[in-house]
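Everything below concerns the one structure shown next.
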2 protein chains.
Amino acid sequence: MPESLTLEQVARAARVSTATVSRIINGTGTVSAHKRAAVMEAIERLGYRPNMMAQALARGSTMSVGVLTPDIASPFYSAVLRGVERGFGGSGYHPVFASEEWRVSSASDSLDLLVSRRVDAMIVLGGNTPLDRLRELAGLMPLVVLGRELPGLEGQCLEVDQTVGAEQATHHLLALGHRRIVHLAGPEDHADARARLAGYRRALRDAGVPEAPELIVPGDFSEAGGHAATEALLAAGVPFTAIFAANDQSSAGAQLALFRRGLRVPTDLSVVGFDDIPGSAFERPPLTTVRQPTGDMGQAAAAMVLALLRGEQPSMPTFRAALVERESTAPVPTVRSNARGRKKG
Amino acid sequence: MPESLTLEQVARAARVSTATVSRIINGTGTVSAHKRAAVMEAIERLGYRPNMMAQALARGSTMSVGVLTPDIASPFYSAVLRGVERGFGGSGYHPVFASEEWRVSSASDSLDLLVSRRVDAMIVLGGNTPLDRLRELAGLMPLVVLGRELPGLEGQCLEVDQTVGAEQATHHLLALGHRRIVHLAGPEDHADARARLAGYRRALRDAGVPEAPELIVPGDFSEAGGHAATEALLAAGVPFTAIFAANDQSSAGAQLALFRRGLRVPTDLSVVGFDDIPGSAFERPPLTTVRQPTGDMGQAAAAMVLALLRGEQPSMPTFRAALVERESTAPVPTVRSNARGRKKG
DNA sequence: CTGTTAGCGCTTTCAG
DNA sequence: CTGAAAGCGCTAACAG
């Protein structure tokens with residue numbers, strides 16, 4: 001492996017000082033057109049790329065921001081990540097991704113890694129990071145948290161109201177006449193999951209529909225979890241006409257369980273999901289779900305970090321989850337008659 | 001923001017020299033238990049985290065390897081990424097992800113960024129990076145390429161034989177009696193897509209089934225692309241009894257088009273995909289597809305890089321794509337009779 | 001076993 | 001406008 005080029009070699013090749021080359025690279029100070037041309041030529045010819053490590057050390061800033069994500073392979077988080085990338089475009093800063101699963105060693109985790117990398121700021125997605133670590137972090141550098149409300153750090157937490165979204169979803173089902181609505185919940189230790197459950201409950205309460213404990217079943221946001229929970233429900237013979245799943249992935253698992261029993265969606269049962277991940281619009285039938293503006297959220301998080309880095313007060317856009325009515329929901333089937341009219345609307 | 005701690009401050013606090021602290025942190029050299037304890041205590045109490053930038057500069061190595069991916073949000077690539085993460089576990093090296101979409105500026109792309117970051121090695125996924133840049137890179141540092149065969153760099157290219165996988169898929173359909181099999185192709189400039197098309201063709205040829213140009217339709221690996229192409233086929237009235245999609249995502253789009261026309265899978269038509277992304281096992285019906293060992297591939301790529309970094313000759317595991325028969329395929333429907341027996345097997 | 005001392009490649013005063 | 005020189009925080013000889 002050839003040693004990589006240094007600023008000094010470029011300077012030598014262009015017959016100028018290292019300071020001059022540095023000025024040109026960074027656009028700081030003024031340099032004569034003559035020398036500038038010589039330096040540019042040398043950089044080009046030699047294929048020089050500044051060593052960011054050295055730049056960071058000398059400058060005291062890495063021009064990078066850490067992005068901590070629970071799972072880099074999740075359709076939801078990766079959509080947010082894309083937004084974050086977009087948000088940093090052209091800012092000079094670039095994102096450094098780290099997934100929570102990743103352990104450098106038993107003693108240090110991804111967060112430590114990012115801190116060691118001396119990122120200038122951090123964006124934390126999701127809620128698995130211990131609160132105290134987050135507080136400590138907030139004292140160290142600009143921090144924006146997505147999807148969790150941190151007591152004392154409200155101004156740096158970007159959230160969409162999951163509760164309202166879940167309420168809308170449940171209300172939609174209620175309006176279609178459903179009364180026995182299953183909620184396929186997410187992990188109990190997940191803030192969003194709890195908020196969605198709360199929205200489900202509120203909608204039922206507001207509609208005066210009593211909550212049935214047996215209709216709230218535990219899931220884990222995965223297809224397999226949704227499948228298992230629904231399977232269990234069916235096996236137990238619990239009656240229901242609709243499922244509101246805590247996310248799209250678990251709704252897919254639930255639907256497979258229905259499918260196995262020959263139950264049709266939305267004819268026999270209605271299903272609504274949450275998130276509106278890319279594939280959901282193409283399910284058969286296309287899934288009615290609650291859309292989260294993932295890309296925009298990521299982009300906004302990046303914008304907030306950038307503002308914080310500039311020492312400005314970041315503006316906090318409000319995001320709302322909104323129901324996307326597609327084709328997995330329909331009026332509750334009438335048992336005693338087949339008089340479901342053919343009238344439009 | 002508090003300035004972050006330096007090695008020197010720790011050394012001062014522990015009343016030892018910086019060299020001693022460095023030795024302890026890196027496990028190089030031997031240090032008396034007494035001083036070691038004092039240093040550990042200081043590190044702990046102060047919350048010291050080494051500055052990787054400085055370490056990298058001093059050491060001449062960043063202990064990081066760049067991972068370039070076409071799209072961080074793709075279910076396929078992100079599964080590979082997970083494998084890569086696993087593969088680096090405990091090695092001391094850590095992955096730095098960059099997606100090709102991301103542009104630092106008009107002049108420099110993700111690859112430049114990774115080079116600037118002085119990653120010690122690189123893993124490139126997929127085939128969008130210009131060949132000459134890859135060659136140049138290979139001269140600079142250990143490089144492993146996944147999913148592309150680079151002339152002259154065969155030893156560093158990890159591939160699964162896409163052609164054989166596609167052949168299996170097509171053969172499976174052929175064995176079920178299908179003759180009018182659509183191939184919903186991937187992007188023409190994508191090596192894997194071309195290989196899958198080649199496999200489709202080879203299977204047809206081997207079976208003595210003539211290739212019908214109108215059955216090979218262009219897609220782009222997306223749900224929307226699959227939907228549009230299938231829609232067009234249906235609108236044109238082209239007869240066919242099965243679809244072999246170049247990937248699972250486009251197969252979902254295709255299925256939506258069928259669904260819109262009231263066509264049932266696998267009763268009326270059979271569909272097979274490629275990749276076996278996480279959701280495919282939970283489609284209704286579960287999708288018959290060609291599985292790629294994504295996680296293993298990622299892990300193997302990491303292992304190869306690690307070997308290269310140690311100066312060893314990396315071993316090249318062979319991966320094969322294998323058909324996973326699920327429920328989206330069935331014997332071609334008999335038009336003139338409904339005599340499809342009820343015999344098992 | 002431990003401290004001293006050169007750098008690593010780059011930015012940034014500070015003089016010219 | 002430009003160069004010299006002093007670090008940035010850490011590692012790695014090199015002496016003790």
Side-chain angles (χ1 to χ4, degrees), chain A residues 1-40 42-43 46-64 92 113 115-120 140, chain B residues 1-40 42-43 46-64 92 113 115-120 140:
Chain A
M1 301 300 136
E3 285 311 301
S4 41
L5 294 158
T6 69
L7 224 205
E8 193 180 348
Q9 298 176 54
V10 173
R12 203 136 48 200
R15 312 191 156 289
V16 297
S17 71
T18 59
T20 299
V21 179
S22 174
R23 288 190 184 100
I24 291 176
I25 289 176
N26 301 295
T28 50
T30 42
V31 179
S32 70
H34 169 233
K35 301 209 166 191
R36 157 168 274 109
V39 170
M40 295 300 261
I43 288 179
L46 270 29
Y48 171 72
R49 304 260 179 281
N51 181 332
M52 293 187 72
M53 305 294 135
Q55 288 185 311
L57 194 56
R59 179 158 48 206
S61 143
T62 55
M63 297 304 285
S64 67
L113 182 66
V115 172
S116 256
R117 266 179 156 22
R118 293 295 190 271
V119 292
D120 295 339
L140 240 48
Chain B
M1 301 297 137
E3 284 310 301
S4 40
L5 295 158
T6 69
L7 222 203
E8 194 179 346
Q9 300 178 53
V10 173
R12 204 138 44 200
R15 310 189 158 290
V16 298
S17 71
T18 60
T20 298
V21 180
S22 174
R23 287 190 185 100
I24 292 177
I25 290 176
N26 301 295
T28 49
T30 44
V31 180
S32 71
H34 169 236
K35 300 210 167 190
R36 156 168 274 109
V39 171
M40 295 300 261
I43 289 179
L46 270 30
Y48 169 73
R49 303 261 178 281
N51 181 330
M52 293 187 74
M53 304 295 135
Q55 289 185 311
L57 196 55
R59 181 157 48 207
S61 142
T62 56
M63 298 304 284
S64 68
L113 182 65
V115 172
S116 257
R117 266 179 159 10
R118 294 295 189 271
V119 293
D120 294 340
L140 240 47

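A note on names: the letters A, B, ... follow the listed sequences, proteins ahead of strands, and every chain is numbered from 1. Predicted model, so just to flag it, every value in this text is computed and none were measured.
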Output the rounded distance in Å from CD (A:E8) to P (D:dG3). 13 Å
Can you work out whether A:A58 or A:K35 has the more 5'-proximal nearest nucleotide on DNA chain D? A:K35
Walk me through whether A:R117 and A:S64 qualify under side-chain hydrogen bond (donor to acceptor under 3.5 Å, both in side chains). CA-CA 9 Å; A:R117 266 179 156 22; A:S64 67; over 6 Å; no
Evaluate the side-chain proximity of B:T6 to B:T18: yes if any heavy-atom separation is below 4.5 Å, no if none is. no
Which whole-number value in Å describes the distance from A:R118 CZ to D:dC8 P? 14 Å
Okay, side chain of A:R118, backbone of A:V115: is any donor-acceptor separation there less than 3.5 Å? yes
Need one value for A:S32: base, sugar-phosphate or nothing, where a base atom within 4.0 Å counts as base even if backbone is also close, heavy atoms only. sugar-phosphate
Scan residues 11-24 of chain A against DNA chain C and write down, sorted by residue number, each residue with any heavy atom closer than 4.0 Å; if none is found, say none. A:A19, A:S22, A:R23
Atom CE of A:M63: over 12 foreign heavy atoms under 6.0 Å: yes
Mark yes or no for whether A:S116, through its side chain, and B:R49, through its backbone, hold a donor-acceptor pair below 3.5 Å. no
Excluding sequence neighbours, so at least two apart, what forms side-chain hydrogen bond (donor to acceptor under 3.5 Å, both in side chains) with A:R23? none
For B:S4 against B:Q9, the heavy-atom pair lying closest together: O-NE2, 4.0 Å
For a quick test of reading the model, state the closest non-hydrogen atom pair linking B:L46 to B:A13 and the distance between them. CD2-CB, 4.0 Å
For B:L5 and D:dG9, give me the distance from atom CG to atom C1', rounded to whole Å. 12 Å
Between D:dT11 (C1') and B:M52 (CE): distance, integer Å: 14 Å
A:N26 CG to D:dT2 P, in whole Å, measures 16 Å
Nucleotides bounding contact with chain B, strand DNA chain C, heavy-atom threshold 4.0 Å: C:dC1 to C:dG9
Would you mind reading off the distance between B:R59 atom CZ and D:dA13 atom C1', rounded to a whole angstrom? 16 Å
Side-chain N or O of B:N51 closer than 4.0 Å to phosphate OP1/OP2 of D:dC8: no
Whole-Å gap separating P (D:dC1) and CZ (A:R36): 10 Å
Rounded to whole Å, the CG-P distance (B:L57 to D:dC10) equals 12 Å
Considering non-hydrogen atoms only, spot the tightest contact between A:I43 and A:I25 and give its length. CD1-CG1, 4.1 Å
